[in-house]
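Worksheet for the structure shown next.
Because the structure is a prediction, the values reported are computed rather than measured. Proteins get letters first, then strands, A, B, ... in listed order; numbering begins at 1 in each.
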Amino acid sequence: MKKPFHFAESLLNWYKNNARTLPFRNEVSPYAIWISEVILQQTRVNQGLEYYRRFMARFPNIKSLAESTEEEVLKIWQGLGYYSRARNLHEAAQQIMSLYHGQMPSSYQELKKIKGIGPYTAAAISSIAFQEVIPAIDGNAKRVFSRFLGINTPVNTSSGSVLIEKAAFSFIDPFQPGNFNQAVMELGAMICTPKRPSCTNCPLLSECIAYKENQIEYIPLKVKKHVVKERSIFYFVFYSKAEDTVQLIMHQRTRNDIWKGLYDFPSLEFNEAMNVQKVIESEILKQQFPYVKFAELQSINGPLKHILTHRILWLHFSVYELSVMPHIENKNHTIYTLHEVLGLPLPRPIEIFLKEFMGKTILV
DNA sequence: AAAACGGGGGC
DNA sequence: GCCCCAGTTTT
C-alpha cells in the first residue's frame with residue numbers, strides 16, 4: 001500500500017536530514033532572525049555569513065543597534081551592497097525602541113510597518129520566530145513552487161505572484177511554518193537551483209510537473225531584462241602631506257542615489273560624453289574647486305570600470321597635492337586624515353582605489 | 001508597474 | 001558576458 005504524496009511531509013523530512021548548519025538556524029531570538037533575513041536579501045548565504053557574525057558581535061541586540069550611529073552600521077555593512085538595508089536597520093531599531101518598547105513585534109502585519117521589512121522578511125520573521133502560518137516567498141520559493149506546479153506565468157508579475165502565493169498557502173505546514181519556509185528555501189538553494197538543478201536528489205521529484213513535462217529549464221519564466229546603463233564619474237582626490245599625516249578631502253553622498261550615506265571624493269558627472277582633459281578644462285570644475293591649480297592635476301591611468309547589476313560605472317580619478325588644506329565651504333566635503341578615511345564607510349571601488357593607487361602615490 | 005539600489009560568484 | 005542571489009523603496 002503506497003502512502004499518498006504529501007508535499008510538506010516529504011520536504012520537511014528531507015530538510016531534517018539535509019539542512020546546512022547555519023549560525024541563525026534554530027535561533028530563537030527574533031532580533032537574530034531579523035538581522036539574518038535582512039543580510040540575506042539579494043545576497044548568497046556564503047557571502048552574508050561573515051557579515052552576520054560581525055554584525056551580531058558589534059550590535060548584539062536592538063538597543064545597541066538603536067544607540068549606535070548610522071555610520072557605525074554602514075561601516076560594518078561596507079562591501080555588502082544595498083546600503084539602504086543598513087540605514088533602514090538602524091532606523092528600524094530606533095523605531096522599535098520608541099514604538100514597541102524595544103520588543104520586536106510578532107505579527108506579519110506589524111512587522112511590515114517597520115522600515116526595511118517588506119512582505120518576504122515580515123513573513124520570514126513571523127513564521128520562524130513566532131510560528132505565524134504565512135509563507136515566506138523569496139526567489140527560491142518562486143522557483144520551487146512554479147516548477148513543482150508547472151506554472152508558466154512569469155513569476156515577476158502580479159498575476160504570477162498571486163499563483164505562487166496560493167500554492168504556498170496550500171502547501172505550508174501549519175504546525176511548523178518556520179521550518180517549512182526555511183525548507184523551501186533550502187531546497188531552492190541546494191537542489192532546485194536556477195541552473196542544472198539536482199532533480200534526482202529532490203524529495204518532490206515524483207510529483208513535479210516541470211520535471212515530468214521536461215520544462216525545468218524554462219520555469220520559472222521571467223519577463224524583461226533591465227538595460228545596463230553606463231555612468232562616468234570624475235573624481236578629484238585632493239590631499240596634503242604634513243610630516244607623517246596625510247589629509248584628504250572626502251565627500252559624503254547624501255542624495256537618493258548609489259552609495260547613499262557612504263563616503264567618496266569630490267566629483268563631477270556630466271550628461272554628455274566627456275574625457276578627463278575636457279573635464280579638467282571645464283569652468284564648472286574651476287568654480288567648484290577654486291583653490292586648485294589645474295595644470296597640476298594628475299589623472300590616474302585609465303578609468304576604473306566598476307560593474308553593478310544595473311550599471312556600468314567608469315570612474316576617472318585625478319589627484320592633486322595641496323600644500324595646505326583649504327577652507328571648505330561645501331557642507332558635504334570634509335577633511336580627514338588617511339587613517340580616519342579608512343575608518344569611514346566606503347564604496348568598494350573607492351576602497352580599492354585608496355588601497356591600491358593612493359598607497360603608492362602618497363607614500364612614495 | 002517600473003526603476004533604482006551593490007557586490008560577488010557560477011558558468 | 002549573462003544570470004541571479006533568503007527583496008525593499010521610490011518614482
Side-chain angles (χ1 to χ4, degrees), chain A residues 15 19-20 22-25 27 32-52 74 77-89 91-92 111-125 127-129 135-144 154-161 168 178-190 192-197 217 220 222-229 231 253 255-262 264 305-313 315 345-352:
Chain A
Y15 181 65
R20 291 168 290 182
L22 300 174
F24 38 86
R25 287 248 213 260
E27 182 58 69
I33 303 292
W34 173 36
I35 300 304
S36 69
E37 290 302 339
V38 173
I39 286 179
L40 266 39
Q41 287 169 6
Q42 295 293 285
T43 304
R44 288 174 201 277
V45 170
N46 282 337
Q47 190 191 357
L49 278 186
E50 194 51 36
Y51 281 89
Y52 173 77
L74 284 171
W77 212 268
Q78 173 175 308
L80 192 56
Y82 284 143
Y83 298 97
S84 64
R85 293 183 292 174
R87 299 193 306 271
N88 289 339
L89 274 178
E91 186 180 337
L111 283 163
K112 221 154 59 65
K113 295 178 184 171
I114 293 173
K115 201 74 170 159
I117 299 187
Y120 163 76
T121 306
I125 297 173
S127 66
I128 297 170
I137 301 173
D138 70 334
N140 290 307
K142 287 180 182 173
R143 194 166 54 250
V144 168
V155 295
N156 57 345
T157 60
S158 45
S159 60
S161 299
N179 279 340
F180 177 88
N181 284 335
Q182 293 188 77
V184 172
M185 295 187 278
E186 188 76 355
L187 188 77
M190 306 303 292
C192 195
T193 51
K195 304 260 179 69
R196 297 172 50 84
E217 63 174 306
K222 293 182 182 175
V223 293
K224 99 184 164 203
K225 264 172 220 112
H226 52 224
V227 257
V228 177
K229 295 175 187 161
R231 283 172 72 172
R253 302 182 67 92
R255 296 200 315 257
N256 265 357
D257 190 10
I258 184 174
W259 301 324
K260 183 181 179 185
L262 278 65
D264 57 2
K305 185 181 185 183
H306 189 67
I307 302 173
L308 303 172
T309 300
H310 54 301
R311 288 282 182 272
I312 293 177
L313 304 180
L315 307 181
L346 305 169
R348 199 56 124 194
I350 299 298
E351 184 192 9
I352 291 170

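- At a threshold of 4.0 angstrom between heavy atoms, the contacts of A/Arg87 with the nucleic acid are absent.
- Nearest-nucleotide positions on DNA chain B place A/Leu80 closer to the 5' end than the other of A/Leu80 and A/Lys195.
- In terms of heavy-atom proximity, A/Leu74 sits nearest to A/Arg87 at CD2-CG, 4.0 Å.
- Side-chain atoms of A/Gln47 and A/Leu80, non-hydrogen and from C-beta on, do get closer than 4.5 Å to each other.
- Stem analysis of DNA chain B (at least three stacked-register Watson-Crick or G-U pairs, each with both distances under 3.5 Å) gives B:1-5 with C:7-11, B:7-11 with C:1-5.
- The side chain of A/Thr309 places no N or O atom within less than 4.0 Å of a non-bridging phosphate oxygen (OP1 or OP2) of C/dC4.
- Between A/Arg196 and A/Leu262, the residue anchored closer to the 5' end of DNA chain B is A/Leu262, taking for each the nucleotide with the nearest heavy atom.
- At the heavy-atom level, A/Phe24 lies under 4.0 Å from base atoms of the strands shown.
- Counting any heavy atom pair closer than 4.0 Å across all strands shown, A/Ile125 reaches no nucleic acid atom.
- Atom-to-atom, CD1 of A/Ile307 to P of C/dC3 comes out at 14 Å; the value is rounded to the nearest Å.
- To the nearest 0.5 Å, the span separating CZ on A/Phe24 from CG on A/Leu49 amounts to 6.0 Å.
- Between the OH atom of A/Tyr51 and the P atom of B/dG6 there is a distance of 13 Å, rounded to whole Å.
- Taking 4.0 angstrom as the limit, A/His310 places none of its side-chain polar atoms (N or O) nearer than this to OP1 or OP2 of B/dA4.
- Across all strands shown, A/Asn181 has no heavy atoms under 4.0 Å from either base or sugar-phosphate atoms.
- What separates CD of A/Gln41 from C1' of C/dC4 is a distance of 15 Å, to the nearest Å.
- Atom-to-atom distance recorded for A/Arg348:CZ and A/Ile352:CD1 is 6.5 Å, nearest 0.5 angstrom.
- Of the C1' atoms belonging to C/dC5 and B/dG6, the separation is 12 Å, rounded to the nearest Å.
- In this structure, CD of A/Gln78 is placed 13 Å from C1' of B/dG6, rounded to the nearest angstrom.
- Within the model, atoms CG of A/Asn179 and CD of A/Glu186 stand 11.5 Å from one another, a figure rounded to the nearest 0.5 Å.
- Closest to the side chain of A/Thr121, from the set C/dA6, C/dG7, C/dC5, is C/dG7.
- Rounded to the nearest Å, the gap between the P atom of B/dC11 and that of C/dA6 is 14 Å.
- Here CD1 of A/Ile117 is found 10.0 Å from CG of A/Asn88. Values are rounded to the nearest 0.5 Å.
- For the pair A/Leu315 and A/Pro349, the tightest heavy-atom approach, listed with the atom from each and the gap, is CD1-CB, 3.5 Å.
- When every heavy atom of A/Pro135 is checked against every heavy atom of A/Ala123, the shortest pair comes out as O-CB, 3.4 Å.
- In this structure, A/Gly79 reaches the sugar-phosphate backbone alone: every heavy-atom distance under 4.0 Å involves primed, P, OP1 or OP2 atoms, never a base.
- Side-chain N/O atoms of A/Trp259 include one lying less than 4.0 angstrom from OP1 or OP2 on B/dG7.
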Any protein N or O atoms within reach of nucleotides 1-3 of chain B? Criterion: under 3.5 Å, listing atom names and distances.
from: B/dA1; atom 1: OP2; to: A/Ser158; atom 2: OG; distance (Å): 3.1

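- OP1 or OP2 of C/dG7 sits under 4.0 Å from a side-chain N or O of A/Gln42.
- In this model, a side-chain donor or acceptor of A/Arg44 finds a partner on the base of C/dC4 within 3.5 Å.
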For nucleotides 9-11 of chain C, give me every protein contact, N/O to N/O, under 3.5 Å, one pair per line with atom names.
from: C/dT9; atom 1: OP1; to: A/Gly116; atom 2: N; distance (Å): 2.4

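- Taken from CZ in A/Arg253 to OH in A/Tyr83, the straight-line distance is 11.5 Å, to the nearest 0.5 Å.
- For the residue pair A/Ser161 and A/Val155, the shortest heavy atom distance occurs at OG-O, 3.8 Å.
- Each of C/dG7, B/dG6, C/dC3 was ranked by its minimum atom distance to the side chain of A/Asp138; first place goes to C/dG7.
- Of all non-hydrogen atoms in A/Asn181 and A/Ser127, the two that sit nearest each other are ND2-OG, 2.9 Å.
- Judged by distance alone with a 3.5 Å cut-off, no donor-acceptor contact links the side chain of A/Tyr120 to the base of C/dG7.
- Residue A/His306 places its side chain closer to B/dG7 than to any other of C/dC4, C/dA6, B/dG7.
- A distance of 10.5 Å separates CD in A/Gln182 from CZ in A/Arg20, rounded to the nearest 0.5 Å.
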